There are 2 protein chains.
Amino acid sequence: MATLKHSKQRDAILNFLMSRKDHPTADVVYSHLREEYPNISLGTVYRNLTLLSELGQIKRLHIGDGVDHFDADTSQHYHFLCSECGAVIDLKMETIDHINQLAGVGFDGQIAGNITYFYGLCPKCSAKSGQQEGA
Amino acid sequence: MATLKHSKQRDAILNFLMSRKDHPTADVVYSHLREEYPNISLGTVYRNLTLLSELGQIKRLHIGDGVDHFDADTSQHYHFLCSECGAVIDLKMETIDHINQLAGVGFDGQIAGNITYFYGLCPKCSAKSGQQEGA
DNA sequence: TCAAAAATAGGAATGATTACTATTTTATTC
DNA sequence: GAATAAAATAGTAATCATTCCTATTTTTGA
């Protein structure tokens, strides 16, 4: 893969990801892309998602639910995972990179960064649970 | 599984985990346990690791390398993942739970906690890389 | 000792992801 | 615009971690 060649499928995958504020899995991307490209293969979706993340155009998220999620927003932000419905939501918050310093205290290696995500109840599930308790 | 019955295999799995300060995968546990129990099955290892983690006696770690790791140290601590050799190392550092407050600013859901791990070069790989640069 | 419940061994099944290959598409040169 | 080489695709097979299934064995309490 010396020089990169254009592909409609890759463009469509990136465009689809950019149109979403949730964080789709490869399978979700595949399902939606098939509406426009009925013959697109899951392998193509995976290959391009991997390629795009290696190019730094998207981020691959391992949030511990056993499936990779993808995010076209490459700006600095954090993720929240709803323990109830599994939704992955962006958190626009100040950086917490100062924790790297805390982690480095008394550690002889080099801390390059951290992976952090938050969990709990998303706004929707939080509202539901509030109602039920009240009822 | 109403009442829990004793099993030598489960004890051996927990003992093995407690004897290690790294964070073995199910397959590593399986390989070592086979020395003592040549007929132990991988299914038994997985079932007991899952059971023990549900009982809160061990922790299951998703560190994003595609394989689950297990940790018999259930006390508050953080983990470091070496980008070079894949080692998982304990970091004894002060709590960073204040980041939950930061994450909650302007978020309508409920933040219950965070999953955080650090990455970079472990002490050994850090030393090696330093030598090579110098040579 | 006996019986019921739980655990095991062994292997099959699942599900996400990657690998393989013949064909198609893209980009470049004439 | 045709010829060509490189890259991408579709479709499918393979891989790998993990879970599920079932007949047999172990544990435990009476």
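Quantities reported herein were computed from a predicted structural model and do not represent experimental measurements. In what follows, every chain begins at residue 1, and chains take the letters A, B, ... in the order their sequences are listed.
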- prompt: Going by atom types only, do A:Gln9 and A:Thr44 share a side-chain donor-acceptor pair under 3.5 Å?
  reply: no
- prompt: Just checking, is any N or O donor in the side chain of B:Asp71 or B:His77 under 3.5 Å from an acceptor N or O on the other one?
  reply: yes
statement: Rounded to whole Å, the CZ-C1' distance (A:Arg10 to D:dT9) equals 11 Å
- prompt: Looking only at heavy atoms, what is the nearest atom pair of A:Phe107 and B:Ile89, with distance?
  reply: CE1-CG2, 4.3 Å
message: With nearest nucleotide decided by heavy atoms, which residue, B:His6 or B:His69, maps closer to the 5′ end of DNA chain D?
response: B:His69
message: Under 4.0 Å, counting only non-hydrogen atoms across every strand here, what does A:Arg34 touch: a base, just sugar-phosphate, or nothing?
response: nothing
- prompt: In whole angstroms, how far is the P atom of D:dA10 from the CD atom of A:Glu36?
  reply: 12 Å
- prompt: Within a strict 4.5 Å, meaning less than it, do heavy atoms of the A:Ile58 and A:Leu49 side chains meet?
  reply: yes
task: Take atom CG of B:Asp65 and atom P of C:dT18, then tell me their distance rounded to the nearest Å.
output: 13 Å
query: How would you label the contact of B:Ile40 with the nucleic acid (heavy atoms, under 4.0 Å): base, sugar-phosphate, or nothing?
result: sugar-phosphate
- line: DNA chain D nearest-nucleotide lookup for A:Thr44 and B:Gly43: closer to the 5′ end is A:Thr44
task: Considering just the side-chain nitrogens and oxygens of B:Gln9, establish if one lies under 4.0 Å of OP1 or OP2 belonging to D:dT26.
output: no
- line: Note: for A:Phe70 and A:Lys8 on DNA chain C, the residue whose nearest nucleotide lies more 5' is A:Phe70
statement: Atom OH of A:Tyr30 and atom C1' of C:dT18 are separated, to the nearest Å, by 15 Å
statement: Assert: residue with more 5' nearest nucleotide on DNA chain C, out of A:Ser7 and A:Asp27, is A:Asp27
